[in-house]
**Student:** 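Sharing a structure below in structure tokens format, with a few things to ask.
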Amino acid sequence: MVDQTHPLLRNLNTQQCEAVTVADGPVLVLAGPGSGKTRVLTHRIAWMLSEIQTPAWQILAVTFTNKAARQMRERLTTMVGRETALDMSVGTFHATCARILRREAEHTRFSRDYLILDADDQLALMKLVVKELGLDDKKYRPAALLNAVSQAKNELLTPEQYPIRTYHDEIVARAFTRYQAALRSSNALDFDDLLVEPVRLFQTEAELLEKYRRRFRYILVDEFQDTNLAQYVLLRLLTQEHRSLYAVADEDQSIYSWRGADYRNIRRLRQDYPELTQILLTENYRSTEVILNAAQAVIAHNPDRTPKQLFTKKKGGATITLREAYDEQEEAAFVAREIQSLQRTGKALNEIAVMYRTNAQSRALEETFIREKLPYRLIGGVRFYARKEIKDVLAYLRLAQNSDDNISFQRVVNVPARGIGTRTLATIVESATQANCSAYQAAQQLLQERALGSRAERPVQFFLSLVAGWQEARESMTVVALLDRILGEVDYQSFLRDGSDEGESRWENVLALRAVTAEKPDLTLIDFLTEVALVADVDDIDEEVRAVTLLTLHSAKGLEYPIVFITGLEEGLLPHSRSIEDSPEAVAEERRLFYVGITRAEERLYLSYAFRRGWYGNSDPTGPSRFLGDLPNTGLANPKARSNNRSQGWGGSSWKTAPTQAAPARRERTSIQPRFQRGQRVHHRRFGDGAVQESVIEGNEEIVTVLFFDNRIGVKQFLASMAPLEPAAEH
DNA sequence: AAGGATTGCTTTTTT
DNA sequence: AGCAATCCTT
């Protein structure tokens, strides 16, 4: 029996205590949302450090995002003290692997200063491959090829092992081969390689594996359901001997299968570790009963899952508001108005999040928020590090690190324009392919042989000397200083600041990047570039900022907010049409995505969908999401709204400006009966006749929204108990 | 070689 | 609708 009064176990429930103090060996904690998964993981580490006297350097904790890693490190610092907390390894799979590969580069086929390609770079590289292989890029879309290659890598296949059944497979295999060769010649790795290469390394170098088995004697993994095969094999390699693997998972929150994540890893774990201890966490600390029940009702419809009976002590709770809007503008207006009235009840903006399926959906919300002067913060979308100007500047820095980086070379060789046109570049690239060397080396060679056109000679010479200068300067300069030198030498500022507002904002972005480098004077260039390649947008969420958070359902994983809006709950959007076309399993994953969204909410949940939505420039009618039909009636503020009911007055233009009633988060149950209902004719002493649009009980008040027939009056809201409002006599 | 006009394509989700 | 790739003109 564990002493639950131990300082580290106080405020934990029995299940959690067991999970924290369980004996060493393979452990799988299966937990529902809001059950304190990450908290348990953190306490487990603190427990190991302080009670079992586990040496900190032997612990590896793997998290899903850098943000989670940072939070865990901070919590551990307060729990066990700074030295110990900083002594252990905490980080994402990718960051951990990147570090191992840097250290052990001599055992690999690439050098220590390899670069990490982001999605854009990968696509650019694959485009080059497609061109080089003379493929029709309509029939063999680079993005599709990249996807196939990525899947293959996730399954730990080499180009030679790629299974060929059709001609299409043959083409993929060729592209795969060339793509890997291109990565090698640029001394670059993509995201998948970061995971695959350590596996290869450990499979071939027994001594190295032994070293890391001793180094990572205790391994803990968060969000285990979202690991892919490469990650699983890596974990198995490291732990199959000492068998100290502690995994925390929720299969209902598996939402990354399109990226290779495989929840069947949970089954593999049970098979490979038959002595596995399994612990269930079923108490939810986050959400009210109403929200949790809705979430469970939704997820219960998925087949092939282990049913979990989750419960919460937050009984009751504010009802869920389900809203149909005419289009995405009105939906956004509804969200904005609702947020404004929440603000009036004392809610801070950073307690509110608006979620959606696709990044494109943020636009309508942003436009409305800007108009309403509602501060918001957008997560994802076009990431900071994906912006053109930032990628340019990073390309310069990458060349300073590694002049053989062909992708960066081609990106900025003529940015700003310096007279190296497509012809010259083509000559260089062709010569590089012939000589099997980098573009930089080929350019040097061509220059020596005087094989370039006379016009191109000078600019090429100039560019090469710039890069050479930066490479030399890199050793003795901080990243900021190097960046300043580069920006000066290529005159990037006057290139960007062309007088347009856009130019100004681009330059501001460059300055923001400069500020990032200035903050970290101790970081070497290669470490800076690695960090930049591996940060996610969610990593930078500052909880203190007074703004509404806008983010995709995927980005919302692991986060929680008192108030959550989930918008765009329409067939084709959630579930997404791609998934509907794809397979029932894909639709099941969409359902899990909805589940993840619902369970982010602590107090109050708003769901909305639009009757029609803009798509490729036109606006098409949609239908409410199939998932809405699975919500329980109890707990819904307006259960009828989810039926696909188009009979009730669409098209009235005044609808678009209809304000929505305030619905602050309240815990107490409603006790009074509404006097009015939607569609009912009413008469107001001052405003005349109208129709009830909505009547909602809030606290002990009935709030009626009325559309008056007099257009000059439009829509008004009243307290039913106070207003001179009566049901109108029937005509 | 650079800038402007036209086409055609896109929207899943991201470490 | 918006944007990137491509074409076309100078």
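Numbered from 1 within each chain, the chains take letters A, B, ... in sequence-line order.
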**Student:** Would you kindly give the CD1-to-P distance between A:Ile255 and B:dT15, to the nearest whole Å?
**Tutor:**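 After rounding, the reported distance stands at 11 Å.
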**Student:** Taking 4.0 angstrom as the limit, do A:Asp121 and A:Lys391 come out as a salt bridge?
**Tutor:** yes
**Student:** Going by centres under 5.5 angstrom and planes under 30 degrees, do the aromatic ring of A:Trp258 and the base ring of B:dT13 stack?
**Tutor:** yes
**Student:** Rounded to whole angstroms, how far apart are CZ on A:Arg423 and P on B:dA2?
**Tutor:** 14 Å
**Student:** Could you check whether A:Phe64 gets within reach of a base, just the sugar-phosphate, or nothing at all, counting any heavy atom under 4.0 Å?
**Tutor:**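 Sugar-phosphate, no base atom in range.
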**Student:** At less than 4.0 Å, is any side-chain N or O atom of A:Lys557 found next to OP1 or OP2 of B:dT14? Yes or no.
**Tutor:**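 So the side-chain polar atoms of A:Lys557 never come under 4.0 Å of the phosphate oxygens OP1 or OP2 of B:dT14.
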**Student:** Hey, is CZ on A:Arg70 packed in by over 12 heavy atoms from elsewhere, all under 6.0 Å?
**Tutor:** yes
**Student:** May I ask you to say what A:Ser555 touches in the nucleic acid, namely base, sugar-phosphate or nothing, with a heavy-atom cut-off under 4.0 Å?
**Tutor:**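 A:Ser555: backbone/sugar contact only, no base atoms under 4.0 Å.
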**Student:** Distance check, P atoms only: B:dT11 and C:dT6, in whole angstrom units.
**Tutor:** 16 Å
**Student:** If you compare every side-chain N and O of A:Asn66 against the phosphate oxygens of B:dT15 (OP1, OP2), does one of them come in below 4.0 Å?
**Tutor:** no
**Student:** Can you work out whether A:His94 or A:Arg418 has the more 5'-proximal nearest nucleotide on DNA chain B?
**Tutor:**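 Nearest-nucleotide comparison on DNA chain B picks A:Arg418.
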**Student:** Rounding to an integer number of Å, can you tell me how far A:Tyr385 OH sits from B:dT14 P?
**Tutor:** 18 Å
**Student:** Would you indicate what A:Arg592 reaches in the nucleic acid, counting non-hydrogen atoms under 4.0 angstrom: base, sugar-phosphate, or nothing?
**Tutor:**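 If one applies the 4.0 Å heavy-atom cut-off, A:Arg592 turns out to touch nothing in the nucleic acid.
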**Student:** Which nucleotide wins on minimum distance to the side chain of A:Arg141, given the candidates C:dA4, B:dT13, B:dT10?
**Tutor:**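 So the nucleotide nearest the side chain must be B:dT10.
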**Student:** Does A:Arg398 pair with A:Asp405 as a salt bridge, N-O distance under 4.0 Å?
**Tutor:** yes
**Student:** Would you kindly compare A:Leu534 and A:Ala417 by the position of their nearest DNA chain B nucleotide and give the one closer to the 5′ end?
**Tutor:**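 The answer here is A:Ala417.
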**Student:** In plain terms, say whether A:Asp190 and A:Lys153 are close enough for a salt bridge, that is, a side-chain N and a carboxylate O under 4.0 Å apart.
**Tutor:** yes
**Student:** Ignoring backbone atoms, establish whether A:Thr552 has a side-chain N or O less than 4.0 Å from OP1 or OP2 of B:dT14.
**Tutor:** yes
**Student:** Using a 4.0 Å heavy-atom cut-off, does A:Asp226 contact any base of the nucleic acid, only the sugar-phosphate backbone, or nothing at all?
**Tutor:** nothing
**Student:** Where the side chain of A:Lys127 is concerned, which of B:dT14, C:dA5, B:dT10 is the nearest nucleotide?
**Tutor:**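 Nearest listed nucleotide: C:dA5.
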**Student:** State whether the aromatic ring of A:Phe191 stacks on the base of B:dT15, taking stacking to mean ring centres under 5.5 Å apart and ring planes under 30° to each other.
**Tutor:**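 Stacking is present between B:dT15 and A:Phe191, given that their ring centres fall under 5.5 Å apart and the planes under 30°.
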**Student:** Under 4.0 Å between any heavy atoms, over every strand shown, what does A:Gly419 touch: base, sugar-phosphate, or nothing? Just pick one.
**Tutor:**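 The residue A:Gly419 makes sugar-phosphate contact but no base contact.
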**Student:** If you measure from the Lys or Arg side-chain nitrogens to the Asp or Glu carboxylate oxygens, is any gap between A:Lys557 and A:Glu223 under 4.0 Å?
**Tutor:** yes
**Student:** I need the CG-P distance between A:Leu194 and B:dT15, as an integer number of Å.
**Tutor:**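 Taking CG of A:Leu194 and P of B:dT15, I get 14 Å after rounding.
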**Student:** Look at A:Ser577 and B:dT11 and indicate whether a side-chain polar atom (N or O) is within less than 4.0 Å of OP1 or OP2.
**Tutor:**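 For A:Ser577, the contact criterion (side-chain N or O under 4.0 Å from OP1 or OP2 of B:dT11) is not met.
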**Student:** Roughly how many Å is it from CG in A:Asp190 to C1' in B:dT14, rounded to a whole number?
**Tutor:** 14 Å
**Student:** In whole angstrom, what separates A:Phe594's CZ from B:dT13's C1'?
**Tutor:**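 Distance, rounded to whole Å: 17 Å.
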**Student:** When you check the phosphate oxygens OP1 and OP2 of B:dT15, does a side-chain N or O of A:Asn228 lie under 4.0 Å from one of them?
**Tutor:** no
**Student:** Got a sec, which residues hit salt bridge (charged side-chain N to carboxylate O under 4.0 Å, His left out) with A:Glu251, two or more places apart in sequence or on another chain?
**Tutor:**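 Expected list: none.
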**Student:** Side chain of A:Thr422: nearest nucleotide among B:dA2, B:dA1, C:dG2?
**Tutor:**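 That would be B:dA1.
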**Student:** Given atom CH2 of A:Trp615 and atom P of C:dA1, what is their separation to the nearest angstrom?
**Tutor:** 16 Å
**Student:** In this structure, how many angstroms lie between the C1' atom of B:dT11 and the OH atom of A:Tyr356, rounded?
**Tutor:** 13 Å
